[in-house]
Each structure stands twice: as C-alpha cells, then as structure tokens.
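Following: one structure in structure tokens, then a few remarks.
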Amino acid sequence: MDKVIMLRYGELFLKGRNRSYFEGVLARNIKAALAPFECEFSRTQNRYYVEKYDACDEYAIVERLKCVFGLHSLSVAVKLPTELESVYAAAIELAPSCESTFRVNVKRADKSLPLNSMQIAIEAGARILKEKPYLSVDLHDPEAVVNIDIRENGFTYIFMGSVPCAGGMPVGTAGKGMLLLSGGFDSPVAGWRMAKRGMKVYAVHYHSYPHTSLQAKEKVVELAKKLTRWCGDVTLYVVPFTHIQEEIHRRCNGDFMITIMRRVMVRIAEKIALSEGCGCLITGESLGQVASQTMESITSTEDAAERLPIFRPLIAMDKTEIMEQAEHIDTYDISKQPFEDCCTVFLPRNPVIHPDLDEARAEESKLEGEQALIDEAVAGAEVLKLTAK
Ligand code: ATP
Ligand code: MG
C-alpha cells in the first residue's frame, strides 16, 4: 500500500483549447516546487500525483504544494491495486478512530468489477461499522467522508477529505509584471495577488543609502525571497535612488517631493520592465490609504508611465484586509520591521496631497538632466536573482 498526494486544479477547466498549455505550465511549476524533495511526479487526465516520497517529510511537501498557484486542492491518499478485499481493509483503517459520523463515496471508472459504486459503498460502510462500532453513518451531513476512487489504471485511491490549495492561475500564463517593491506591507501583497492571476513577477526597489540603512535594503530582499515561494524565481533590481532624490530636493518645489519621486520611480521601473519584457507595472497603492494615494496623486503617477499600464491590485482593499493577506503570505513580520523606506527621506512639511497634473509636470521638468539621472540609476542597479526555496 503506497501513499500518494493527489493534486487537483480548478479554474483551468475554463480555458477550452488552451487547457493543455495551462496544464503544462502548472506541471512545470509543481515540478519546480518539488525540486528539493525526492519523489516522483506524474500526470494523468485531470490529475497530478506525487508518489514515492517516503524519504521526505509529507507535511513539508504538502505545505510547499499549497503555495503553487493553479492548484485547487490536494488529498493524501493510499494507493493499492484494485482488489476489493484490500480496498475494504484500507477503508476501515482510514476511517476515523473516534466517535463520529461518516459516509463512503465511491467513484468507479473501472467497469470490470462485479459490484457497482453503490454496492461497493454499502459494503465498505458495513465493514467499517463492524470494525469501528463507535462510528455511525450520516449520508447527508457526515463529519468524515471516506472516498474510494477506483481508476481505470488498475489502482484504487482511498482518502479522507482534501486540503484547499492556493487557487488562481499557474504563474507564467499571464505575462510578466514589474512590481515596485517597498519595505511596507502593501507592495508584497500586490505582487502576490498578480502572481495569483498567473503573472510572472519581477521587482524593483529604490534605496537611498546612506540616508537609509543597509538593513532597509536587506528587508526588501527578504520580502522578495518570501514571494518566491508563491511566485517562483524573482529577479529583484535594487536601484540607487539617492542622487535622484537629492536632485529633486535641490531643484523642485519641496512640497512636490513625493509626487515627483513617484513619477521618476515609475519612469525607471518602466525602463527596466521593458528590458525584461514585462507588460505592466504593479504597485501596492490603495485609494486614500495615505496622502500620496489620493485620486490626483495616482493620476500624477499614472501619467509618468508612457508605454505600460500600472496595475494596482489593492486599490479598493482596506488596510486590515491587506494586513491579513500579508500574514497569510508570511511577509507581515518582515514588513513590520521599522527600517526606513527611501520615501521617508527628504519628506516635505506640507506635501501636496491633491497635485494638479500640469503643476506636477512643470515641477518635474525642473529636474535638469532627468534622463541622464534615470540612465545612471538603471546602470547602477544591483540585480539579484532570487530562487524559490
Ligand atoms: P507599501 O506598504 O507597499 O510600502 P505604502 O502604504 O507605504 O505602501 P507608499 O509609500 O505611498 O505606500 O507607496 C506606494 C507604492 O509605491 C508602494 O506600494 C510601492 O509599490 C511603491 N513604492 C514606494 N516606495 C518604494 C520603494 N522604495 N521602492 C519601490 N517601490 C516603492
Ligand atoms: Mg511604503
């Protein structure tokens, strides 16, 4: 009797003719997630299986698979050659060992058996009751379900319940996006949400060393590493922003500091994004959350992107919802560390909260040699290739 992890996928079914493409990408992502484990991975129609993992920690494998987007649920099953006596014995063993209600579900793809699904379920139920008399049958609302899945391949899979997985679409099936990743709570969640829709995420971070500490940068590297668990490998560009900030500070109206900084951040991100073949930028902005996220501020930021759309998956989310997701993806504890982001350097006393677009453009145009500054920042970027652990 072997143990096997059965993997199911959800939304892929919607994809009609593209389905085999989505299945292929999902299989590739599962294999990458399983790379650290000694096991066998196989596909049949509608299902994937992980087998022969005796040498590994089953819990660790399941936890890893729960982060693969595109997977809907999984079940740990026992697999045995289809032979009814041993199937019943295994069902008895798997059934709960303390007082509870149960039912047996049978799926029978193998039509060569002498009994039909209903007959097998009744027989299995009767034998379970005989061996475990503290159980009782409840067909409508059972506490436990013993599933017996008799396949055409000569094997039967028996399992109790299933574990929900991450859902969404396989990463890599919805193009690439460049995430503006700060050290805060929001942007990692924004990247995660786009990855959940199948986007391959790249990231760019602006740091203001020596105005900000090296720890502030390390924090962002840690955040990007956390994302790899969900997003697969992430390329992180760490861009020196100090010179640009100093120049904005020197030449532009201080009240527009944040507005202009955001515009330049977008310009740099777009340049790097295009060089990586990304089709969009992603930010963690959420309407009204802070002064720099009013409609007018967002309009001014949007205006700086010349070729690519800016996706803001958190735009209508509350901070509490975002925090919950940050906990879920395990970035919360890193984000809450107090190291300063580059945005907090050179903060004006009276920042413009509702910048007029024409004024914002006019202020930015005071930034002499802007293109050269942007090119310098891009050339000075440190490129980190973070691989999934
Ligand atoms: P976060 O929690 O993601 O830092 P926030 O609430 O602090 O967001 P802002 O500081 O206004 O919001 O930043 C808005 C968005 O701009 C961020 O979500 C992020 O996408 C981008 N951003 C801000 N600072 C940086 C930075 N230093 N490097 C890269 N992107 C940044
Ligand atoms: Mg921030």
Side-chain angles (χ1 to χ4, degrees), residues 177-194 201-209 211-221 223-224 226-227 234 236-242 244-245 248 257-273 280-298 300-302 304-305 308 310-315 317-327 329 331-348 351-353 355 377-378 381-382 384:
M178 180 62 70
L179 169 67
L180 280 77
L181 182 62
S182 71
F185 288 102
D186 306 327
S187 40
V189 175
W192 177 81
R193 291 191 71 96
M194 294 314 301
V201 173
Y202 291 69
V204 55
H205 174 68
Y206 304 99
H207 76 96
S208 313
Y209 184 77
H211 301 297
T212 54
S213 63
L214 283 176
Q215 284 146 307
K217 175 185 139 190
E218 270 316 303
K219 178 182 173 184
V220 173
V221 174
L223 285 172
K226 279 283 176 199
L227 286 181
V234 171
L236 170 65
Y237 286 80
V238 182
V239 175
F241 206 55
T242 317
I244 290 176
Q245 275 185 310
I248 299 173
M257 184 78 205
I258 297 176
T259 309
I260 309 306
M261 255 168 50
R262 282 290 139 75
R263 289 175 62 92
V264 182
M265 281 184 183
V266 163
R267 292 189 195 284
I268 294 173
E270 189 172 52
K271 189 171 159 107
I272 300 174
C280 71
L281 305 182
I282 306 163
T283 74
E285 287 160 306
S286 164
L287 188 63
Q289 194 193 82
V290 289
S292 59
Q293 293 172 20
T294 60
M295 187 103 85
E296 294 81 0
S297 295
I298 289 172
S300 157
T301 310
E302 184 83 21
L308 301 179
I310 303 178
F311 290 166
R312 300 178 173 87
L314 312 188
I315 196 70
M317 283 177 73
D318 290 347
K319 193 75 184 180
T320 46
E321 293 173 279
I322 297 170
M323 298 292 218
E324 274 166 26
Q325 295 211 337
E327 295 225 38
I329 65 174
T331 52
Y332 183 94
D333 286 335
I334 303 174
S335 292
K336 83 170 182 217
Q337 293 170 19
F339 308 117
E340 284 197 326
D341 191 349
C342 75
C343 297
T344 47
V345 186
F346 302 120
L347 274 193
V352 179
I353 292 169
V378 173
E382 187 183 347
L384 303 174

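Heavy atoms only: backbone and side chains are in, while hydrogens, waters and symmetry mates are out. Whatever order the structure lists ligands and atoms in, that order sets their numbers, starting from 1. Worth saying up front: this structure is predicted, and the values here are computed from it rather than measured.
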Item to check | Close-contact set for ligand 1 against T283 heavy atoms, below 4.0 Å | outcome: 20 (O)

Next on the checklist: Using 0.5 Å steps for rounding, measure from the CD atom of Q293 to the OG1 atom of T283.
Outcome noted: 7.5 Å

Checklist entry - Which one holds for L181 and ligand 1: side chain close, backbone close, both close, or neither close, with close meaning a heavy atom under 4.0 Å? => result backbone

Item to check | K217, E285, R262: member with heavy atom nearest to atom 10 (O) of ligand 1 | outcome: R262

Next on the checklist: For a quick test of reading the model, state the closest non-hydrogen atom pair linking I268 to A377 and the distance between them.
Outcome noted: CD1-CB, 3.9 Å

Checklist entry - Counting heavy atoms only, which part of H207 comes closer than 4.0 Å to ligand 1: side chain, backbone, both or neither? => result neither

Next on the checklist: For ligand 1 and L180, I'd like to know whether there is a polar contact (N/O to N/O, distance under 3.5 Å).
Outcome noted: yes

Checklist outcome for this item: In ligand 1, the atoms that come under 4.0 Å of a heavy atom of V204 are 29 (C)

Checklist entry - Which bit of L179 gets closer than 4.0 Å to ligand 1, counting heavy atoms only: side chain, backbone, both or neither? => result neither

Checklist entry - Do the rings of H207 and H205 sit parallel, tilted or perpendicular, given the 30° and 60° boundaries? => result parallel

Checklist entry - E324: what forms a side chain to side chain donor-acceptor pair (under 3.5 Å) with it, not counting sequence neighbours? => result none

Checklist entry - Looking only at N/O atoms, are P188 and ligand 1 under 3.5 Å apart anywhere? => result no

Checklist outcome for this item: All heavy atoms of P188 vs all of L227, minimum pair found to be O-CD2, 3.5 Å

Next on the checklist: Using 0.5 Å steps for rounding, measure from the CE atom of M265 to the CZ atom of F241.
Outcome noted: 4.5 Å

Next on the checklist: Heavy atoms only: which of A203, S297, S208, S182 lies closest to atom 4 (O) of ligand 1?
Outcome noted: S182

Checklist entry - Which residues pass the side chain to side chain donor-acceptor pair (under 3.5 Å) test with Y237, sequence neighbours left out? => result E276

Checklist entry - With only distance considered, is M265 within less than 3.5 Å of ligand 1 through an N or O on each side? => result no

Item to check | Atoms in ligand 1 flagged as close to F185, the criterion being non-hydrogen separation under 4.0 Å | outcome: 2 (O)

Item to check | Closest non-hydrogen atom pair, S208 against Q245 | outcome: OG-OE1, 2.6 Å

